[in-house]
**Q** 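For reference, the structure I am asking about is given below.
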Amino acid sequence: MRKYYEFVVEGLIFISGIASIIFVLLIFIFLLKEGLMLFRQVGVFEFLFGEHWYPISEPPRLGILPLILGSLWVTFGATVISVPIGVACAIYIGEIAPGWLREILKAGVELLAAIPSIVLGFIGLVTLVPLVKKIFHLPTGLTALSGSIMLAFMAMPTIVSIMEDALNAVPRGYREGSVAMGATKWQTIRRIVLPSASSGIIAAVMLGIGRVIGETMAVMMITGNAAMIPKSFFQPVRTMTATIAAEMGETVQGSDHYFALFAIGIVLFAITFVVNLFADMSLHQKQARV
Amino acid sequence: MVDQKIQIKHLDFYYGKFQALKEVNLSIPEREITAIIGPSGCGKSTLLRCLNRMNDLVSGAKVEGEVLIDGEDIYQPSTDLVRLRKKVGMVFQRPNPFPISIFDNIAYGPSIHRFAAKKELPGIVEKSLEAVGLWDALKGRLSEHALALSGEQQQRLCIARLLAVEADILLMDEPCSALDPIATERIEELMRKLQKNYTIVIVTHNMQQAARVSSRVAYFYLGELIEFGSTQRIFTTPLRQETEDYITGRFG
Ligand SMILES: Nc1ncnc2c1ncn2[C@@H]1O[C@H](COP(=O)(O)OP(=O)(O)OP(=O)(O)O)[C@@H](O)[C@H]1O
Ligand SMILES: [Mg+2]
């Protein structure tokens, strides 16, 4: 009797354990099945590097280069904004701020992470967008720049909290050893703490970027959604995620357009997979070395 | 009469409300090894950390009294902490080389104190490693990661990086407690060699170690200095009963 019980419990735990893998596989298979259908009609090269996305013209043109570039521009902009600020913020919280302030700041960062992206997008729409329009004298404030700024807000909590963990994991002995040699606080941070936490910091940045690439709602609301190859940050762009979200509801199931949206999903999946892989590798590289 | 390198006068130390050191008066002679012994929690580490002001990092810590090093009170507001800690080096219980290369570990001090040009660094590294007996073993591996070394080598490296900044006082807080007996013996040998040029203060729980390496012993109990004198006298004819109980192992 006891034996059966053990067996059942073990089995249940095993199933829960591999459930996540199974779900990922199922999703991936479904994505592939639907997405790859497209390539019976459209060439891979034509799809990835085609400059025009006119899915409902006759015949449809399904080139996603503008969408890929839109995502990359917005992601790049968000990275450029959020990484320096996020890194500096994590250093301040983890190394410099006195105890009480640290707690307040950490709570603030967590709160920022808890804001639903649609709310951030909405706030961006009514505050940031008009501001960008006015400052840069643009015909519209719905631009890659606005999207980058908003996404930077979303990447920041990820970057700060993961990097802060990385800083925390640096053994006290390193800091003490450095300070006891007469190093100042800043010398200790720059020359000892940051290098020892470097793999965690890279992972933090990567995961922040991963978050940005996959973000949908906010970008859809404030980047203008024009499927053109972007030439500057002051133009409207359309990202891959926004395209899927906006068009999935209107497309006929089984049409080329429908399959193309799934194929975009595959591209997105591949990009985020690579980014997360890099994050993971840099996290584990350290453990292997020490 | 030997020169007094460190003079501690009427030193009281508090962690918040808790008084960890009470009215400590102690003179530590130059170029000798002074051992600090006493039961756990009696304030040995606290005293050591008063000597390079590492206790400044503890919030709520308070110091009263004087600590004179080379005649200068290090608790003056004008004290330059960077200079003080360059002169008074510290070796920790757990070897804590920085997670960078062996070369960079040694070069770290000279470069933060900016007293050596880049081209002098290899010479300083060689001299420091030579002084701790690591040069022959490591000269071909200087770019390797310091954490790849054995515990004993790591501890030697930690001593070497202090020699590289020309420290002249070495504070060692149970430097051998994470090492095996053979490594311990070799570190002790190194200490005896270093005492020709350095003033060493060592905290140890190991009576034999204190007897083997030190020329003076200070016995602490509950934050008070109970007895201080030459090692030989303390171990043969302690004046106080408490000291005798402790060193003969009759203590609690
Ligand atoms: N940061 C701190 N805050 C508050 N109390 C402390 C702190 N550090 C040490 N103490 C207390 O001060 C007393 C002396 O501590 P200390 O570490 O100097 O003892 P020790 O003689 O080095 O002991 P051990 O042999 O275990 O290393 C102990 O009672 C300890 O609990
Ligand atoms: Mg101690």
Side-chain angles (χ1 to χ4, degrees), chain A residues 87 90-106 163-204 281-290, chain B residues 45 48-49 51-60 80-101 104-115 144-148 154-155 157-159 161-167 169-173 178:
Chain A
V87 165
I91 292 176
Y92 185 73
I93 292 179
E95 301 290 321
I96 297 168
W100 59 272
L101 185 56
R102 172 175 314 173
E103 292 312 314
I104 295 179
L105 288 173
K106 277 169 84 167
M163 178 168 160
E164 215 247 324
D165 287 344
L167 294 178
N168 259 331
V170 174
R172 234 174 99 90
Y174 295 166
R175 295 189 181 84
E176 285 206 317
S178 172
V179 171
M181 288 188 72
T184 60
K185 189 159 200 163
W186 176 238
Q187 284 171 327
T188 302
I189 293 172
R190 194 170 63 83
R191 311 254 326 240
I192 304 294
V193 178
L194 291 183
S196 353
S198 60
S199 51
I201 296 172
I202 293 173
M281 268 162 45
S282 56
L283 266 183
H284 288 96
Q285 168 198 357
K286 173 132 174 222
Q287 286 161 13
R289 201 181 56 197
V290 174
Chain B
S45 300
L48 215 56
R49 293 165 62 94
L51 305 182
N52 62 352
R53 290 190 54 178
M54 279 299 276
N55 282 329
D56 288 18
L57 304 183
V58 180
S59 63
D80 178 356
L81 279 185
V82 171
R83 247 189 64 220
L84 170 72
R85 290 178 183 153
K86 173 171 173 293
K87 176 154 113 176
V88 186
M90 185 162 229
V91 178
F92 296 80
Q93 181 169 359
R94 289 195 54 192
N96 59 347
F98 303 125
I100 47 183
S101 74
D104 289 340
N105 260 277
I106 311 270
Y108 182 65
S111 98
I112 57 171
H113 294 294
R114 295 197 184 81
F115 67 76
E144 274 178 38
H145 205 261
L147 299 182
Q154 289 189 13
Q155 200 59 303
L157 183 66
C158 290
I159 297 173
R161 73 184 178 197
L162 303 180
L163 308 187
V165 294
E166 295 160 9
I169 297 174
L170 304 180
L171 308 175
M172 303 188 174
D173 197 345

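Each chain gets a letter, A, B and so on, in the order its sequence line appears, and its residues count up from 1. Note that this is a predicted model, so its numbers are computed, not measured.
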**Q** Which atoms of B:Leu84 come close to chain A, meaning under 4.5 Å heavy atom to heavy atom: side chain ones, backbone ones, both, or neither?
**A**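 Neither part.
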**Q** Sort B:Val88 into side chain, backbone, both or neither according to what part of it lies under 4.5 angstrom from a heavy atom of chain A.
**A**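 Just the backbone, heavy atoms under 4.5 Å.
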**Q** Rounded at 0.5 Å granularity, tell me how far CE in A:Met163 sits from CG in A:Asn168.
**A**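 Between atom CE of A:Met163 and atom CG of A:Asn168 there are 11.0 Å.
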**Q** Please enumerate all residues that pass side chain to side chain contact (heavy atoms under 4.5 Å, CB included) together with A:Ile202, with sequence neighbours excluded.
**A**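 Side chain to side chain contact (heavy atoms under 4.5 Å, CB included) list for A:Ile202, sorted by chain: A:Met206, A:Ser282.
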**Q** How long is the straight-line distance from CD1 of B:Ile106 back to CD1 of B:Ile100, given to the nearest 0.5 Å?
**A**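 Rounded to the nearest 0.5 Å, the CD1-CD1 separation comes out at 10.0 Å.
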**Q** In terms of heavy-atom proximity below 4.5 Å to chain A, should B:Arg83 be classed as side chain, backbone, both, or neither?
**A**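 Neither part; nothing is under 4.5 Å.
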**Q** Please tell me whether A:Tyr174 and A:Thr188 have a donor and an acceptor in their side chains that are separated by less than 3.5 angstrom.
**A**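 On atom types as modelled, these side chains do not qualify, holding no pair under 3.5 Å.
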**Q** Name each donor-acceptor pair under 3.5 Å that joins a side chain in residues 99-106 of chain A to protein atoms two or more places apart or in another chain, with its distance.
**A**
residue, atom, partner, partner atom, Å
A:Arg102, NE, A:Ile93, O, 2.9
A:Arg102, NH2, A:Ala97, O, 3.0

**Q** Go through the atoms of B:Pro97 and report whether side chain, backbone, both or neither lie under 4.5 Å from a heavy atom of chain A.
**A**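 Backbone of B:Pro97 only, per the 4.5 Å heavy-atom cut-off to chain A.
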**Q** May I ask you to name which of B:Lys86, B:Gln93, B:Met54, B:Arg49 has the most heavy-atom pairs under 4.5 Å with chain A?
**A**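 Result: the option with the highest number of such pairs is B:Met54.
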**Q** So which of B:Leu162, B:Ile112, B:Asp104 has the biggest tally of heavy-atom pairs under 4.5 Å with chain A?
**A**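 Among the listed options, the one with the most contacts to chain A is B:Ile112.
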